Structure formats: structure tokens, C-alpha cells
Amino acid sequence: MTTKKASARSHRYWLLKTEPESFSIDDLMSAPKRTAHWDGVRNYQARNLMRDEMKGGDLVFIYHSSASPPGVAGIAEVVREGYPDGSAFDPKDSHFDAKSDPATPTWMMVDVRGLERFATLVALPELRETKGLEKMVLLQKGSRLSVQPVRAAEWEIIAALGRRAAR
DNA sequence: GCCAACGTTGGC
DNA sequence: GCCAACGTTGGC
């Protein structure tokens with residue numbers, strides 16, 4: 001066993017998309033323990049990030065997609081690392097996947113706990129205009145991944161914008 | 001393995 | 001509602 005003085009890496013940052021008509025930051029903040037299963041992700045790249053990369057204590061932006069306007073709505077933290085998404089096995093669930101075998105689950109999820117609802121939604125047009133965010137995964141042409149990494153510098157910029165007093 | 005057809009995402 | 005872009009499926 002090797003010794004490490006400080007942790008090799010501090011927590012990382014992510015962005016999770018959700019359609020607020022289905023599940024919003026307000027739903028998260030009013031959930032029991034402000035905690036929710038991030039279920040229903042049916043994309044392999046997003047699944048791999050949840051299964052392999054997201055760790056307890058990592059921070060996530062909650063992003064409202066298909067909203068008016070779309071934007072970053074708040075902050076949550078990962079409180080349970082990747083584990084099987086049971087909704088894939090429920091025929092009545094809209095995300096049911098008949099090809100997923102419970103013995104070797106295809107789809108994974110994490111649990112997140114809401115930490116903060118932004119005073120001001122950081123809307124997509126503002127993200128596009130903000131210096132320092134040009135390389136954000138979210139803003140790349142054709143990018144539609146529902147679980148994305150966020151750079152530390154991007155995190156700081158967006159968190160500061162979200163914490164501005166509401167008008 | 002190629003690739004056309006189809007389904008989904010998500011901004012506008 | 002439209003449509004660009006992407007991912008998946010399935011015939012060959």
C-alpha cells in the first residue's frame with residue numbers, strides 16, 4: 001500500500017441535465033433529505049461517467065434543459081457512487097430497458113443531495129457570453145451529453161454568477 | 001464492418 | 001413545431 005500525504009485529487013465537478021418539468025432543482029431541494037436517485041440515464045458515455053468517475057463529495061451543477069430559458073439552477077453533491085439503476089428493470093417505468101439483465105445491470109445511477117438553489121438562474125445565453133466558459137462541454141456544438149465534466153475554473157465562474165442576488 | 005434509417009435530445 | 005446533431009439499430 002502506498003502512502004499519500006494529501007488526497008491525490010480533491011473532488012471533481014460535474015453538470016447533470018434535467019428537464020424541470022420532470023424533475024427540477026426545487027424538486028431536489030424539497031425531496032426527503034434533499035436527496036434523489038439520478039436515474040433514467042440511458043447513454044453509455046454518461047453511464048460510464050456515473051459508474052467510473054463520479055465520487056462521493058464531488059459537486060454537480062443541476063442544469064435545466066428544455067426550459068425557458070435553459071440554464072444552471074443550483075448545486076448538489078454526490079452522496080452515493082454508481083450503482084444499478086433499478087428503473088431499467090421496471091416495465092412500467094418510462095426508462096424500462098428490456099435488454100438489461102438484473103444480474104449484469106447495464107444502467108447505473110448515483111445519488112445526489114441538493115446543496116443550493118441559485119438566487120439567479122445562470123441562463124444559457126449568459127453562459128455563452130461569459131469569458132472563460134468557451135470550452136465548456138455544454139457549449140460545444142452538437143454537445144448533448146446529460147452527464148458532463150466541468151473544469152474548476154468554469155465552476156467558480158458559474159457559481160459566482162448563480163449566487164448574485166435575484167433582481 | 002459499413003451505413004442508411006430511425007429515434008432522441010434540446011435549443012429556438 | 002422545426003430541425004440540427006447525435007446515438008442506436010439492423011440489413012447486408
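Residue numbering restarts at 1 for every chain, and letters A, B, ... go by the order of the sequence lines. Predicted model, so just to flag it, every value in this text is computed and none were measured.
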Between A/Trp107 and A/Tyr44, ring centroids under 6.0 Å = yes
Residues that A/Glu81 engages under side chain to side chain donor-acceptor pair (under 3.5 Å), provided they are two or more places apart = none
Would you mind reading off the bend of the helix from B/dG1-C/dC12 to B/dC12-C/dG1 from its two end axes, five pairs each, to 10 degrees?
-> 10°
Just wondering, do A/Ser87 and A/Arg42 contact through their side chains at under 4.5 Å, heavy atoms?
-> yes
Atom CG of A/Asp97 to atom P of B/dT8: distance rounded to whole Å?
-> 13 Å
Record whether the side chain of A/Arg42 comes under 3.5 Å of the base of B/dT8 through a donor-acceptor pair of N or O atoms.
-> no
Count the heavy atoms of every other residue, nucleotide or ligand shown that sit under 6.0 Å from CD of A/Glu134, and state whether that count exceeds 12.
-> yes
How long is the line joining CZ of A/Arg144 and P of B/dC12, in whole Å?
-> 16 Å
N/O donor-acceptor pairs under 3.5 Å from side chains in residues 64-71 of chain A, not counting sequence neighbours:
| from | atom 1 | to | atom 2 | distance (Å) |
| --- | --- | --- | --- | --- |
| A/His64 | NE2 | A/Ile25 | N | 3.0 |

Residues at least two apart in sequence or cross-chain that pass side chain to side chain contact (heavy atoms under 4.5 Å, CB included) with A/Leu133, listed by chain then number, are A/Leu127, A/Thr130, A/Met136, A/Leu139, A/Glu154, A/Ile157, A/Ile158
To the nearest angstrom, the CG-P distance between A/Leu145 and C/dG7 comes to 8 Å
Here the distance between atom P of B/dC12 and atom NZ of A/Lys141, to the nearest Å, is 12 Å
Looking at residues at least two apart in the chain, or sitting in another chain, which of them share a salt bridge (charged side-chain N to carboxylate O under 4.0 Å, His left out) with A/Arg51?
-> none
Where do N or O atoms of nucleotides 9-11 of chain C meet protein N or O atoms at under 3.5 Å, pair by pair?
| from | atom 1 | to | atom 2 | distance (Å) |
| --- | --- | --- | --- | --- |
| C/dT9 | OP1 | A/Lys99 | NZ | 3.4 |

Rounded to whole angstrom units, what separation is found between the CH2 atom of A/Trp107 and the P atom of C/dG7?
-> 12 Å
Check: A/Asp111 main-chain N/O paired with A/Arg80 side-chain donor or acceptor under 3.5 Å | no
